[in-house]
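Just below is one structure, and these are the notes that go with it.
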Amino acid sequence: MAYARTSDGIRVHYEVLGRASAPPVLMIQGLGADKHGWDMQRYVFAAKYRVIALDNRGAGRSDKPFGHYSLEQMADDAIAVLDACGVDSAHVIGASMGGAISQIVAVKYPERVRSLTLVCTACRNHPWRRELLEGLDLDDADMVDVPAAFEGDLDAALASSRQLGLEGVVAKRASSPYRSTRSRDWLKMKSDPEADFAICGYTPPKGSRNGIGALHWIEPELVVQVRYREWPVDSALRFPVFVRLRPDKTPHECGMPLRHTGEGGGDGEGDLAAVFDEPVVDDRPAIVPDPDLFDPVTDPVDDTDPGRLPDASALEVDAPIRELRLTRLHKVFWPEEQITKGELIEYYRAVAPAILPYLKDRPTVLTRYPDGITGEMFFQKDMPGWIPPWLRTTTLWSEHSQREIHYVLVDDADGLAYVANLGSIPIHCWASRTTSLEKPDWAIVDLDPKNAPREWVVPLALAIHALCDDVKLPNYVKTSGQSGLHVLIPLGGQCTFEQARTLAYLIGLLVERQHPDMATTNRNPAARGGRVYLDWGQNAHGQLLVAPYSVRPVAGAPVSMPLEWPEVVPDLDPKVFHLRNALARIAARAHDPCLPVLDERPDLAAALVELERHAKDG
DNA sequence: GAGGCAG
DNA sequence: CTGCCTCAACGCTCC
DNA sequence: GGAGCG
């Protein structure tokens with residue numbers, strides 16, 4: 001999400017989707033736009049056009065259309081955004097009040113407008129719209145509903161959405177407003193594919209089920225139509241649903257249907273060109289999602305073995321469905337590298353086997369960046385009631401806020417994908433587990449160079465390593481993901497946070513004494529004087545660790561990477577491990593060098609005696 | 001990112 | 001019917 | 001006691 005600043009300091013948010021070479025479309029979201037339907041349009045259009053979407057929700061607190069921020073000013077802002085995108089002229093689509101702005105754009109800057117489309121279903125009876133139409137001497141007939149492009153051709157609309165990897169399309173009554181709850185007026189039309197299959201067998205019904213239970217092996221005779229979510233290569237259908245018998249078909253007519261690849265039958269179906277007054281000539285593949293990236297339609301949502309044979313349970317009708325809805329996969333989270341939210345989700349799903357051992361049973365805090373690394377962020381500890389029922393949480397009492405907090409526990413790849421879909425970039429977890437919340441599994445010394453020379457971090461980390469080895473404390477190292485290093489010492493839940501903090505402080509003090517020129521344990525930034533801060537203070541109740549393999553919300557999408565100590569050499573550059581190459585490194589190694597930190601139980605009393613000896617000797 | 005709710 | 005709000009927190013030091 | 005720090 002980029003933004004332009006207007007002359008009076010109001011921020012105008014906009015988003016650019018689609019290929020730069022495609023015909024440009026300026027979409028202006030107005031007060032009458034509904035959230036979901038409009039977003040859907042935005043992505044449908046991005047298949048064929050370069051969509052520049054303006055969002056006046058970020059325009060500030062005084063952006064009421066008839067307040068000091070006038071419709072005319074909004075129209076000027078729209079032109080400013082076109083300029084910022086280097087676009088001379090565009091097809092302009094306006095939603096509700098955005099339609100009003102669009103019309104002003106067309107009147108004031110006709111040379112910038114190739115065509116004008118007004119989307120007004122959402123606020124057909126809005127008094128402002130009524131006022132506007134009268135003021136501009138227009139009537140309803142001048143307004144075009146974008147969904148009308150699909151009218152009478154739901155198949156084309158569904159094919160288009162399938163081609164884009166969308167879940168489906170939303171159909172609504174023209175007169176019905178947006179409401180957050182389900183209603184008869186807003187129907188989600190899923191684009192799940194269907195195919196005809198010959199029945200080879202069935203299982204008896206279980207429990208209270210009528211008729212048949214599941215279908216599997218006998219001489220093929222009957223044909224059924226089945227809807228399914230996906231058909232993994234060499235495996236059974238996922239989420240198959242019996243639709244109807246096909247008495248009109250024989251088993252021989254059941255050829256292999258086109259596999260559901262998410263790319264549909266190619267270009268042309270669900271064509272939106274009719275909305276505009278000029279044909280679209282760019283016929284290159286119009287799929288916005290990178291085909292190498294995660295696709296919610298074709299990629300399995302669990303880790304079941306894809307090589308297994310179909311069995312009765314796989315064909316069970318109404319099998320419990322774990323819904324994992326992934327949204328806005330094309331949204332750019334790292335503008336410089338054009339890394340999308342879809343790629344972030346794909347990374348976390350792929351890295352799940354490596355990261356999950358660290359997250360098991362640990363209260364997890366989300367650090368959410370719904371608009372990517374340049375947008376606003378917020379922390380989230382308390383998970384709301386509407387999270388999917390399969391996501392495990394643990395309820396802890398917060399002394400500070402005097403209420404219960406429902407922390408999420410990330411158990412599996414789906415859980416990771418879910419939190420990533422919420423815009424969580426780094427994953428933060430507690431040092432202790434639900435089984436023993438006041439006893440941490442590790443102590444951490446965070447080497448944070450900040451204003452110190454980067455190259456001082458390595459010798460100091462090695463000094464901590466040598467000291468720990470000497471007092472027989474196991475110790476492990478990972479990059480923080482930014483410029484520092486994290487040294488982790490396993491505690492095996494044998495001591496309190498206060499004791500862990502004291503241990504980390506003692507180690508910090510001893511290393512500071514060895515290298516007073518390079519290291520400091522002083523918490524006051526002003527007193528650090530360009531030295532590396534050995535941060536021992538993160539060992540406390542509720543303090544968080546950036547989990548190994550977490551992505552950081554900074555340019556380059558670096559990840560926190562566990563290292564072998566021999567890798568900690570002077571020219572170590574923590575930035576070399578990032579979202580796009582971390583998986584290759586992990587796959588190339590047999591073991592995770594930090595993993596033992598989760599299980600080891602060193603003799604802490606003996607180590608403390610040794611540390612005291614060091615303190616005296618120094 | 002998404003539900004709740006004031007106006 | 002729309003826009004806006006909310007979404008964390010510990011232990012320490014400095015002022 | 002409140003703001004700042006990570």
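Keep in mind the model is a prediction, meaning the values are calculated, not measured.
Within 4.0 Å (heavy atoms only), A:Pro525 reaches sugar-phosphate atoms of the nucleic acid but no base atom. Among the atoms of the strands shown, only primed sugar atoms or phosphate atoms (P, OP1, OP2) are found under 4.0 Å from some heavy atom of A:Asn421.
Under the side chain to side chain contact (heavy atoms under 4.5 Å, CB included) criterion, A:Ala350 pairs with A:Leu583, sequence neighbours left out.
Relative to the side chain of A:Trp386, the nucleotides B:dA2, C:dA8, C:dC10 differ in distance, and B:dA2 lies closest. Residue A:Arg368 has its side chain nearest to B:dG1 when only B:dG1, C:dC14, C:dC12 are considered.
Sorted by residue number, the list of members of residues 541-559 of chain A with any non-hydrogen atom under 4.0 Å from DNA chain B is empty. Less than 4.0 Å separates DNA chain B from no heavy atom of any residue of residues 428-445 of chain A.
A salt bridge is absent between A:Asp411 and A:Lys360: the closest approach of a Lys/Arg side-chain nitrogen to an acidic carboxylate oxygen does not fall below 4.0 angstrom. Between A:Lys331 and A:Asp371 there is a salt bridge, with a side-chain nitrogen of the basic residue lying less than 4.0 Å from a carboxylate oxygen of the acidic one. A salt bridge links A:Asp361 with A:Arg392; the closest basic N to acidic carboxylate O contact falls under 4.0 Å. Look at A:Asp448 and A:Lys450 and you find a salt bridge, because one of the NZ, NE, NH1 or NH2 atoms lies within 4.0 Å of a carboxylate O, short of that distance.
Listed pair A:Ser398 / C:dA9 meets the phosphate criterion, a side-chain N or O lying under 4.0 Å from OP1 or OP2. Here A:Arg528 does not reach the OP1 or OP2 of C:dT13: none of its side-chain N or O atoms lies under 4.0 Å away.
One interatomic measurement links the two molecules: CZ of A:Phe378 to P of B:dA2, which rounds to 10 Å at whole-angstrom precision. Put simply, CE on A:Met383 is 10 Å from P on C:dA8, counting in whole angstrom units. Computed from coordinates, the A:Ile405 CD1 to C:dT6 P distance equals 16 Å when rounded to whole Å. In this structure, CH2 of A:Trp397 is placed 16 Å from C1' of C:dA8, rounded to the nearest angstrom. Atom NE2 in A:His406 sits about 12 Å away from atom P in C:dA8, given to the nearest Å. Between the CD atom of A:Gln538 and the P atom of C:dC12 there is a distance of 14 Å, rounded to whole Å. If you measure from atom CG of A:Asn524 to atom C1' of C:dG11, you get 15 Å, rounded to the nearest angstrom. Taking atom OH of residue A:Tyr505 and atom P of nucleotide C:dT13, one finds them 8 Å apart after rounding to whole Å.
A:Tyr533 carries A:Arg528 over the face of its six-membered ring, with the cationic atom under 6.0 Å from the centre and within 45° of the normal.
Across D:dC5 and C:dA8, the matching P atoms stand 23 Å from one another, rounded to whole Å. The separation of C:dA9 from D:dA3, taken at their C1' atoms, amounts to 15 Å, rounded to a whole angstrom.
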Inset, instruction - Start with the C-alpha distance between A:Asp517 and A:Arg531, add both sets of side-chain angles, then the distance that settles salt bridge (Lys or Arg N to Asp or Glu O under 4.0 Å), and finish with yes or no. - result: CA-CA 7 Å; A:Asp517 49 332; A:Arg531 288 171 291 178; over 6 Å; no

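In this model, a donor atom of one side chain and an acceptor atom of the other lie less than 3.5 Å apart for A:Ser560 and A:Lys478. There is a side-chain donor-acceptor pair under 3.5 Å between A:Thr521 and A:Glu512.
Residue pairs meeting the side chain to side chain donor-acceptor pair (under 3.5 Å) criterion with at least one partner in residues 497-511 of chain A, sequence neighbours excluded, are A:Thr496-A:Gln499.
Protein chain A contacts DNA chain D over a range whose 5' and 3' limits, counting nucleotides with an atom under 4.0 angstrom from a non-hydrogen atom, are D:dC5 to D:dG6.
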Anything under 3.5 Å between a donor and an acceptor, one on a side chain of residues 538-552 of chain A, the other on a protein residue two or more places apart or in another chain? List them.
unit_1, atom_1, unit_2, atom_2, d
A:Gln538, NE2, A:Asp446, OD2, 3.0
A:Gln538, NE2, A:Asp535, OD2, 2.7
A:Asn539, OD1, A:Ile444, N, 2.8
A:Asn539, ND2, A:Ile444, O, 3.0
A:Asn539, ND2, A:Trp536, O, 2.9
A:His541, ND1, A:Glu438, OE1, 3.1
A:His541, ND1, A:Glu438, OE2, 3.0
A:Tyr549, OH, A:Asp592, OD2, 2.9
A:Ser550, OG, A:Ile427, N, 2.8
A:Ser550, OG, A:Ile427, O, 3.1
A:Ser550, OG, A:Ala547, O, 3.3
A:Arg552, NH1, A:Ser480, O, 2.5

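Using modelled atom types, no side-chain atom of A:Lys575 and backbone atom of A:Pro558 make a donor-acceptor pair closer than 3.5 Å.
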